[in-house]
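Written out below as structure tokens is the structure these notes cover.
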Amino acid sequence: MTQIADRLRAILETLPEGVRLAAVSKFHPVEELMQAYDAGQRIFAESRVQELAGKVDAMPKDVEWHFIGPLQTNKVKYIAPFISMIHSVSSMRLLDEISRQALKVGRTIPILLEVFIADEETKSGFSPEELPTVLESVLARGPESGIQIAGLMGMATFTDDREQIRREFHMLSTLYKEMKELFFPDCANFCELSMGMSGDYNLAIEEGSTIVRIGTTIFGERRY
Ligand SMILES: *Cc1c(COP(=O)(O)O)cnc(C)c1O
């Protein structure tokens, strides 16, 4: 068994039921993705459109591709035909473009609204305060909008302070439950909370994550 397969299995063994793993394969070659694939992994997450497009062609067809990085509106059209979930929807402009491109190809694309929870200027997303307005306006468009809001996504501050990370995840989790109650009370679709990476996924799971996005712990350090 390969090292990648070993590490993957070690993570899967610790994931509670109901928590899915998105294997973050950005900057890693297809050979390494295939080692995870052969060990059973089917959800792969990428953060650059061009790199993703190349890997889609090279990998088996039953892979579920997730997009997790900053997404330029002019590139949405390249991933709209096949992407299974876009985690990083951080502006109304991007959301509108995803909706437009999804309708063009006759799809409904599941998306997550990225929420800004960190105390760093570099991370993007909607503020917790504006989230209700965003949801209201999207839901007002009705079911034929080409997008399905499947939940929320967030990234904690890059810090060694575990309590701070926990507080940020807790805040996102609370927000998720509030939004679910307010806007999706009888709807099974708003059911994903994407939080947790290699360094903090255990905390994220304790705070209610349903999808963890793990790269380094599976594939090793990225060579940029
Ligand atoms: C790269 C990336 C990850 C994975 O980070 P690791 O620390 O390598 O597990 C998770 N989420 C997002 C949004 C990323 O860009």
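We count ligands from 1, going down the list as the structure has it; atoms in each ligand are counted the same way. As the structure is a prediction and not an experimental result, all values here were calculated from the model. One is the number of the first residue; the rest follow in order along the sequence.
- Shown here for Ala23 and Phe219, the closest heavy-atom pair between the two residues is CB-CE1, 4.1 Å.
- Salt-bridge check for Lys77 with Glu97: failed, with every basic side-chain N at 4.0 Å or more from each acidic carboxylate O.
- Distance from atom 12 (C) of ligand 1 to its nearest protein heavy atom, with residue and atom name: Ile68 CD1, 3.5 Å.
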So His170 and Glu168, side chain to side chain donor-acceptor pair (under 3.5 Å) or not? Walk me through it. CA-CA 5 Å; His170 188 78; Glu168 291 171 356; over 6 Å; no
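- In terms of protein heavy-atom proximity, atom 8 (O) of ligand 1 is closest to Thr216 OG1, 2.5 Å.
- Taking atom 9 (O) of ligand 1 as the reference point, the nearest protein heavy-atom neighbour is Ser198 OG, 2.6 Å.
- Close N/O approach between Gly215 and ligand 1 is found [any backbone or side-chain N/O within under 3.5 Å].
- Listed by atom number, the atoms of ligand 1 under 4.0 Å from Met155 heavy atoms are 13 (C).
- Side-chain atoms of Thr108 and Gln148 include no donor-acceptor pair closer than 3.5 Å.
- Residue contact annotation: Thr217 has no non-hydrogen atom under 4.0 Å from ligand 1.
- Within a 6.0 Å radius of OH in Tyr78, no more than 12 heavy atoms belonging to other residues, nucleotides or ligands are found.
- Atoms of ligand 1 found under 4.0 Å from any heavy atom of Ile214, numbered from 1 in the order shown, are 9 (O).
- Among all non-hydrogen protein atoms, the one lying nearest atom 11 (N) of ligand 1 is Arg213 NE, 2.8 Å.
- Thr2 places no side-chain N or O within 3.5 Å of a backbone atom of Gln35 that could act as its donor or acceptor partner.
- In summary, the side chains of Ser194 and Arg213 do present a donor paired with an acceptor at a separation below 3.5 Å, with no hydrogens or angles considered.
- Residues Glu46 and Lys55 are paired through a salt bridge, judged by an N-O separation under 4.0 Å between the basic side chain and the carboxylate.
- Residue contacts with ligand 1: His87 is excluded, as none of its non-hydrogen atoms falls under 4.0 Å.
- Residue, atom and distance of the protein heavy atom nearest to atom 5 (O) of ligand 1 are Met197 CE, 3.5 Å.
- With a 4.0 Å heavy-atom cut-off, ligand 1 is reached by the side chain of Lys26 but not by its N, CA, C or O.
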